[in-house]
Enquirer: 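The structure's right below; bear with me while I get my questions together.
Values in this document were obtained by computation on a predicted structure and should not be read as measured data.
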Amino acid sequence: MLRNVLKLERRTEGNVDTKEMLNTVRELEGFLHWAPDASDPAWMTGIRSIVEFQREDGFFALLENFWVPSDARVDFIYIPTYLCSAVLMKAYRTDPGLLEGAVGRALARGLDCCTGRGLSGHGYEGLREQIRAVDFFLTAGVMDFLSDHPDMSREFTEMFDRIGGQFAMMVRKENFRGAWGEDYGEDIRRIDEALHYTVFVYGTLLRGRSNHLGYLRGCPCIGRGILEGFDMYDVGSFPAIVPGEGRVRGELYRVNRRTLERLDMLEGNGSLYVRRRVRVAAEAYTDKSRCGDDGGAAACDAIVYEYLCGVEGLREIPFEQQPYRD
């Protein structure tokens, strides 16, 4: 199927066409949902067009003049910058070396520019447009990107941490109203969920074990779970799991990016352990909204730390003797 090639045009003061600029924003939103494919000439042309469209200051602005009314600045400077940066983030996650590294360089500058307003909109539309902008980056896989590349734009990473805290606070206080009383509860709960990671723990991070309070204090436990296809071994003062034919019993926690960074340091991510994405069958959820349609617990995707060293000579801990006790 033939697809339209993305066309970007920056307009000067005497050549402003609001209808055409809004159409360009819609085209960028559509392009964000394309599947990255370096073999697709239309997709590659779109990526190249975005990189070449970036201004020297890092913005992907549809207007030449930055000093325009605030609502126009949001609609035609910031929102296109969010969208172009999200597209490049999605492309970078697929291939960091795309266009000989030009995508990464443009992305770093674009992300810095995205921090000017905390992704919020103009005036009474501030929260609604912030939700919309966060969704752009969620579509691009921002949480995986930030866990892998937190230093590409430290300002952007810290901004997303703040936004995550802001939405978590709204959920805790059940404060879901916009400036005109509109209810954003469904969107805020959904985004709060998406701005956290689910981690499956099975050893010293379990409730009541030696590392729990130091690393998971205040993190919601969403339930107990069972991980299939892994075997557990006793390393001495902590357990290890490796792919196998057994099962592992543990607990599921929701954590923010900063907590995940601390867990990476504790586990020696990349050297002693490595993060894996797995499917965990839940035994029980403390959060009833996670139950299946029949009232029973459903499976969920989670991060787990897999042991990278050999387990020869170590004592296997059978499922019947779990959860682990230190």
Enquirer: Holding to side chain to side chain donor-acceptor pair (under 3.5 Å), I want the full list of residues that pass it with T259, two or more places apart in sequence or in another chain.
Expert: N256

Enquirer: Does the E182 side chain pair with the main chain of W180, one donor and one acceptor, at a distance under 3.5 Å?
Expert: yes

Enquirer: Just by distance, do the side chain of T115 and the backbone of L111 share a donor-acceptor pair under 3.5 Å?
Expert: no

Enquirer: Taking the six-membered ring for Trp, are F145 and F160 closer than 6.0 Å centroid to centroid?
Expert: no

Enquirer: May I ask you to decide if G46's main-chain N or O and K7's side chain share a donor-acceptor pair within less than 3.5 Å?
Expert: no

Enquirer: Answer yes or no: is there an ion pair linking R128 with E125, defined by an N-O contact shorter than 4.0 Å?
Expert: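 Answer for the salt bridge query: yes.
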
Enquirer: Under 4.0 Å between a Lys/Arg side-chain N and an Asp/Glu carboxylate O for D57 and R55?
Expert: yes

Enquirer: Taking the basic N atoms (NZ, or NE/NH1/NH2) and the acidic carboxylate oxygens, is any pair closer than 4.0 Å for D192 and R254?
Expert: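 Salt bridge flag = yes for R254 with D192.
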
Enquirer: For the pair R117 (side chain) and G121 (backbone), establish whether a donor and an acceptor sit closer than 3.5 Å, ignoring hydrogens and angles.
Expert: yes

Enquirer: Go through the structure and list residues passing side chain to side chain donor-acceptor pair (under 3.5 Å) with D231, not counting sequence neighbours.
Expert: none

Enquirer: Kindly write out the residues that satisfy side chain to side chain donor-acceptor pair (under 3.5 Å) with S70, not counting sequence neighbours, or none if the list is empty.
Expert: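 S70 satisfies side chain to side chain donor-acceptor pair (under 3.5 Å) with H122 only.
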
Enquirer: Does NZ or CZ of R209 lie under 6.0 Å from the centre of the six-membered ring of Y324, at an angle within 45° of the ring axis?
Expert: no

Enquirer: What distance separates F59 CZ from T81 OG1, expressed to the nearest 0.5 Å?
Expert: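 Spacing of CZ (F59) from OG1 (T81) equals 5.5 Å.
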
Enquirer: Could you tell me whether R109 and D112 make a salt bridge, using a distance below 4.0 angstrom between a side-chain N and a carboxylate O?
Expert: no

Enquirer: Can you tell me if R93 uses its side chain to pair, donor with acceptor, with the backbone of A140 under 3.5 Å?
Expert: yes

Enquirer: For the atom pair CZ (R257) and CG (L195), what is the distance rounded to the nearest 0.5 Å?
Expert: 12.0 Å

Enquirer: Verify whether one side chain among Y253 and E251 offers a donor that lies under 3.5 Å from an acceptor in the other.
Expert: yes

Enquirer: So, are D187 and R190 salt-bridged, with charged N and O less than 4.0 Å apart?
Expert: yes

